[in-house]
Amino acid sequence: MALAVASLLNYLVWLGWDRERVVEPDGSLSGPYEPWQVVGLVVCLGILAVLAGRLGLPKIGTIGVAGVMWLCWSIDAALSDDSGLWAVGAVMLLPAVLLGVGLVAFLAAPRRTAGREVRPDE
């Protein structure tokens, strides 16, 4: 539960507050996020994934951290997008965030020795 709340706060701190689009010199719109915001979000997602793995919760941590981040982005995008393309972004974001967080969480998980003790030779 704490990892899911941390994922929610991570989204709100980095991306949840920014709604401003930037008009480029050619007249096109970009944004609303700046690259530093996305980098900050991803670094914190990585930290949360490592924490989930080190706590021995790589599966539930992946679902909690990645799922909450994806849900936050999807709701935010759906409420601010008039074109309906947010759904395409949500479909592309879900496997990416699950694989990224999951890979880091499983790599950070402690390895078990299957009940065998390693004893020095006497």
Side-chain angles (χ1 to χ4, degrees):
M1 178 70 163
L3 288 170
V5 171
S7 185
L8 170 65
L9 292 175
N10 181 40
Y11 181 82
L12 293 174
V13 165
W14 291 106
L15 304 181
W17 54 270
D18 196 353
R19 302 277 184 275
E20 186 178 332
R21 299 225 179 245
V22 177
V23 179
E24 298 295 331
D26 64 357
S28 64
L29 290 175
S30 69
Y33 312 126
E34 296 293 328
W36 62 267
Q37 290 173 280
V38 177
V39 169
L41 176 88
V42 170
V43 167
C44 289
L45 278 176
I47 292 168
L48 291 173
V50 167
L51 184 59
R54 298 306 298 162
L55 290 173
L57 304 168
K59 291 178 188 175
I60 194 73
T62 296
I63 293 168
V65 172
V68 167
M69 202 298 292
W70 175 81
L71 186 61
C72 289
W73 184 90
S74 297
I75 291 170
D76 198 11
L79 294 175
S80 64
D81 179 31
D82 296 333
S83 70
L85 287 176
W86 70 269
V88 175
V91 167
M92 293 186 327
L93 181 63
L94 183 60
V97 74
L98 280 171
L99 287 172
V101 171
L103 179 65
V104 172
F106 279 94
L107 288 174
R111 303 292 174 250
R112 309 263 191 251
T113 58
R116 293 178 291 186
E117 284 188 34
V118 178
R119 296 182 189 169
D121 290 334
E122 293 183 23

Residues Trp14, Trp36; criterion side-chain contact (heavy atoms from CB on, under 4.5 Å); working and verdict: CA-CA 9 Å; Trp14 291 106; Trp36 62 267; 4.0 Å; yes
side-chain contact (heavy atoms from CB on, under 4.5 Å) assessment of Leu41 paired with Tyr33: CA-CA 11 Å; Leu41 176 88; Tyr33 312 126; over 6 Å; no
Test side-chain contact (heavy atoms from CB on, under 4.5 Å) applied to Ile47 and Leu51, step by step: CA-CA 6 Å; Ile47 292 168; Leu51 184 59; 5.5 Å; no
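What you find for Met69 and Tyr11 is that their closest heavy atoms are SD-CD1, 4.0 Å. Among all heavy-atom pairs drawn from Gly53 and Pro110, the shortest one is O-CD, 3.2 Å. The minimum heavy-atom distance between Arg111 and Ala109, with the atom names listed, is NH1-O, 2.7 Å. Nearest heavy-atom pair, Ala52 versus Leu3, reported as atom, atom and distance to 0.1 Å: CB-CD1, 3.6 Å. Pairing each heavy atom of Ser74 with each of Ala90, the nearest pair is OG-CB, 3.5 Å.
A donor-acceptor distance shorter than 3.5 angstrom exists from the side chain of Asp81 to the backbone of Trp86, with no hydrogens or angles considered.
For residues 37-66, the pairs satisfying side-chain hydrogen bond (donor to acceptor under 3.5 Å, both in side chains) are Asp18-Gln37, with sequence neighbours left out.
Leu71 CG: more than 12 foreign heavy atoms inside a 6.0 Å radius.
Hydrophobic clustering (side-chain heavy atoms under 4.5 Å, transitive across Ile, Leu, Val, Met, Phe, Trp, Tyr) keeps Val42 apart from Phe106. Both Val38 and Val13 are members of a single hydrophobic cluster when ILVMFWY side chains are connected at heavy-atom separations under 4.5 Å. Leu15 and Leu79 fall within a single hydrophobic cluster, where Ile, Leu, Val, Met, Phe, Trp and Tyr side chains are chained together by heavy-atom contacts under 4.5 Å. The hydrophobic clustering, which links ILVMFWY residues whose side-chain heavy atoms are closer than 4.5 Å, places Val5 and Trp17 apart. Cluster annotation: Ile63 and Trp70 are assigned to distinct hydrophobic clusters (Ile/Leu/Val/Met/Phe/Trp/Tyr, side-chain heavy-atom contacts under 4.5 Å, transitive).
From Leu98, atom CG reaches atom CG of Leu103 across 12.0 Å, with rounding to the nearest 0.5 Å. Leu9 contributes atom CG, which lies 9.5 Å from atom CG of Leu48 (distance to the nearest 0.5 angstrom).
The hydrophobic cluster containing Val104 also includes Val50, under a criterion of side-chain heavy atoms closer than 4.5 Å among ILVMFWY residues, counted directly or through chains of members.
The side-chain hydrogen bond (donor to acceptor under 3.5 Å, both in side chains) search around Asp26 returns Ser28, not counting sequence neighbours.
In this structure, Val97 and Leu45 have side chains that are in contact, with non-hydrogen atoms separated by less than 4.5 Å.
Shown are Val68, Asp76, Ile75; of these, the side-chain contact (heavy atoms from CB on, under 4.5 Å) with Cys72 is made only by Val68.
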